[in-house]
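Worksheet for the structure shown next.
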Amino acid sequence: MNISKIISRIDIRLIIGLLFIILAGIIFVTDFLDGFVTNILWPLLEGSSEGKTVIFLGLIGLIIILDAINDKLNITARFYKKDNNYQHYLLACIIILIVAALFGLVTELYIRHSLGISPFTILTAMNPYPSTSSPMHSHAYKSVLGIISYYIVPVHMNTGISILQFVQPYVYIIIPVWIVSFILGVLSLNKMRLFNKVICIVALVLALIGITDGGIYSQPFLIGIGFLLLMYFTNNQRLHIKHFIKPVVIMGYILLVAMIIEVGGSNQDVHTLTVINQTTDVDMSMYNVTDVVVNGDMTTYTLNTTMADKELITSIFEKFYGKCDATFMSWNFYSYFDNPSVNKTVHR
């Protein structure tokens, strides 16, 4: 048998899927393509990191291969009593992901409530290295995967394992959520049109990455869930403008709530920094501290600083690393805008 006949009998999807996985492996073990690929994926993965890029490419490759094998062996035929049964699996997948994302948000709020700390704060866990998490960009679920990845990923990848001590055991729910959502997502592909299938594969992977690294308001999760909803309302038909209406309305509500929390939770006058188990003195002169309150193992500083949030939280990393267990800092949404009129309003 010649090579051309052998190739003709191989499903092209197996080759494509394998290429995706190989590319993910190359990015994981070398620095050859990191910058190029991560820059391309940045709009989808919200500032794509090497870890998210590897997971994104690897999962897409795996799903393509599984879909090809399923079509060849007709494994999931028993799950389809009707041609539109895929809709049920897709809807179940969407519901599970949204409910799990909401649970992650509730976990973030509960942890702060249990410590008597404002819900509108950014947690920075210090051990074994600084990792952040907040209601607006949660790394609670990421910390679970950190248990697995901590010992196998390069040291420059932040696995979020430091957050785990504050959010366990609640966040272990992400393990069955990932498994069940992945299976339901693969099952939903069986009867789809090719275009819809491609969109659904990418959207599913984005949603799985987003719920883990960022939570319900993260860019990958919102894009992923939005397009999964679009594929559900399209009902395996050709895509038309009318199919966008319901997904846009649903995503609009989610984004509206996100904006209300982001803006409403901002403290424009001062930053409040609560430090857990501070073990040694820290020079705070650069932050213009106006008040210090000690309550048991918590020390709360009031900072009257004009430093932007990103710069401030990085500085707090450096000041308190190795000197406490964690910090909770209030945020100021407006500090992200490099606008003189905004700065004048914020720092009046």
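Residue numbers start at 1 and run along the sequence shown. Values in this document were obtained by computation on a predicted structure and should not be read as measured data.
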**Q.** Worked verdict on Lys246 versus Tyr232 for side chain to side chain contact (heavy atoms under 4.5 Å, CB included)
**A.** CA-CA 10 Å; Lys246 291 180 180 179; Tyr232 174 74; over 6 Å; no
Q: Can you see which heavy atom on Met192 is nearest to which on Cys200, and at what distance?
A: CE-SG, 3.5 Å
Q. Any donor and acceptor pair, going by atom type alone, linking the side chain of Ser315 with main-chain N or O of Glu311 inside 3.5 Å?
A. no
Q | For Ile63 against Leu189, the heavy-atom pair lying closest together | A | CG2-CD1, 3.6 Å
Q: Is it possible for you to say whether Leu57 and Val29 belong to one hydrophobic cluster, with membership spreading through side-chain heavy-atom contacts below 4.5 Å?
A: yes
(Q) Regarding His271 and Asn332, do their side chains bring together a donor and an acceptor under 3.5 Å, going by distance alone? (A) no
Q) Would the number of heavy atoms belonging to other residues, nucleotides or ligands and lying under 6.0 Å from NZ of Lys323 be above 12? A) yes
Q: Can you see which heavy atom on Phe56 is nearest to which on Leu44, and at what distance?
A: CZ-CD1, 4.3 Å
Q) Does any N or O in the side chain of Asn288 come within less than 3.5 Å of the main-chain N or O of Asn304, such that one atom is a donor and the other an acceptor? A) yes
(Q) Suppose we screen for side chain to side chain contact (heavy atoms under 4.5 Å, CB included). Which residues come up paired with Met284, at least two apart in sequence or across chains? (A) Leu273, Val282, Tyr287, Val289, Tyr301, Leu303, Phe320
Q) Any idea which heavy atoms bring Leu230 and Phe244 closest together, and the distance? A) CD2-CE2, 3.6 Å
(Q) With a 3.5 Å distance limit and no angle check, can you tell me whether Ser266 reaches the backbone of Gln268 through a side-chain donor-acceptor pair? (A) no
Q. Between Ser162 and Asn127, is there a donor-acceptor pair closer than 3.5 Å when you use the side chain of the first and the backbone of the second?
A. yes
Q) Hey, does Cys93 have a side-chain heavy atom less than 4.5 Å from the side chain of Leu204? A) yes
Q) Quick one: do Ile260 and Ile254 end up in the same hydrophobic cluster if we chain Ile, Leu, Val, Met, Phe, Trp and Tyr together by side-chain heavy atoms under 4.5 Å apart? A) no
Q | Straight-line distance of Asn196 CG to Leu239 CG, nearest 0.5 Å | A | 7.0 Å
Q: Please round to the nearest 0.5 Å and tell me the distance separating atom CZ of Phe120 and atom CE of Met136.
A: 10.0 Å
Q. Just how far is it from atom OG1 of Thr302 to atom CG of Asp269, taken to the nearest 0.5 Å?
A. 11.5 Å
Q) Does any non-hydrogen side-chain atom of Phe20 lie less than 4.5 Å from one of Leu59? A) no
Q.
Less than 4.5 Å apart, side chain to side chain, heavy atoms only: is that true for Lys52 and Asp213?
A. yes
Q. Counting only N and O atoms by type, is there a donor-acceptor contact under 3.5 Å from the side chain of Ser188 to the main-chain atoms of Tyr89?
A. no
(Q) For residues Val257 and Val249: do they belong to one hydrophobic cluster (side chain heavy atoms under 4.5 Å, members Ile, Leu, Val, Met, Phe, Trp, Tyr)? (A) no
Q: Show your reasoning for whether side chain to side chain contact (heavy atoms under 4.5 Å, CB included) applies to Ile122 and Ile313.
A: CA-CA 9 Å; Ile122 303 166; Ile313 200 166; 3.4 Å; yes
Q. Is Met298 reachable from Val292 through a run of hydrophobic residues whose side-chain heavy atoms are each under 4.5 Å from the next?
A. yes
Q | Check against side chain to side chain contact (heavy atoms under 4.5 Å, CB included), Met329 and Thr272 | A | CA-CA 6 Å; Met329 188 183 77; Thr272 301; over 6 Å; no
Q: State whether the side chain of Ser138 and the backbone N or O of Pro135 hold a donor-acceptor pair below 3.5 Å, judged by distance alone.
A: no
Q) Is any side-chain heavy atom of Thr300 closer than 4.5 Å to a side-chain heavy atom of Val294? A) no
**Q.** Close aromatic pair by centroid cut-off 6.0 Å: Tyr110 and Tyr170
**A.** yes
Q) Got a sec: does the CZ of Phe166 have more than 12 other heavy atoms crowding it under 6.0 Å? A) yes
Q | Val144-Val106 co-clustered via ILVMFWY side chain contacts under 4.5 Å | A | no
(Q) Quiz question: by atom type and distance under 3.5 Å, do the side chains of Thr121 and Arg112 form a donor-acceptor pair? (A) yes
Q: For Glu108 and Ser133, test the side chains for any donor-to-acceptor distance below 3.5 angstrom and give the result as yes or no.
A: yes
Q) Is the shortest heavy-atom distance from the side chain of Phe221 to the side chain of Ile209 under 4.5 Å? A) no
(Q) For the backbone of Gln237 and the side chain of Asn235, can you confirm whether one donor and one acceptor N or O come within less than 3.5 Å of each other? (A) no
Q. Any sub-3.5 Å donor-acceptor pair from His137's side-chain atoms to Ser134's backbone N or O?
A. no
(Q) One pair to check against side chain to side chain contact (heavy atoms under 4.5 Å, CB included): Ile276 and Ile117. What are the steps and the verdict? (A) CA-CA 11 Å; Ile276 309 298; Ile117 295 172; 4.3 Å; yes
Q.
Could you check whether any side-chain N or O of Ser131 sits under 3.5 Å from a backbone N or O of Ala125, counting only pairs where one atom can act as donor and the other as acceptor?
A. no
(Q) Any non-hydrogen side-chain atom of Ile250 less than 4.5 Å from a side-chain atom of Leu229? (A) yes
Q: Search all heavy atoms of Phe227 against all heavy atoms of Ala203 and return the closest pair with its distance.
A: CB-CB, 3.7 Å
(Q) Rounded to the nearest 0.5 Å, what separates atom OG1 in Thr299 from atom CD in Gln278? (A) 5.0 Å
**Q.** Euclidean distance, Ile22 CD1 relative to Ile27 CD1, rounded to 0.5 Å
**A.** 12.5 Å
Q. Once you round to the nearest 0.5 Å, how far does NZ of Lys197 lie from CG of Asn236?
A. 9.5 Å
Q) So, do Ile94 and Ile98 sit near enough that their side-chain heavy atoms are less than 4.5 Å apart? A) yes
Q) Are any non-hydrogen side-chain atoms of Ile216 and Leu102 less than 4.5 angstrom apart? A) yes
Q) Which atom pair, heavy atoms only, marks the closest approach of Ala24 to Val54? A) CB-O, 3.5 Å
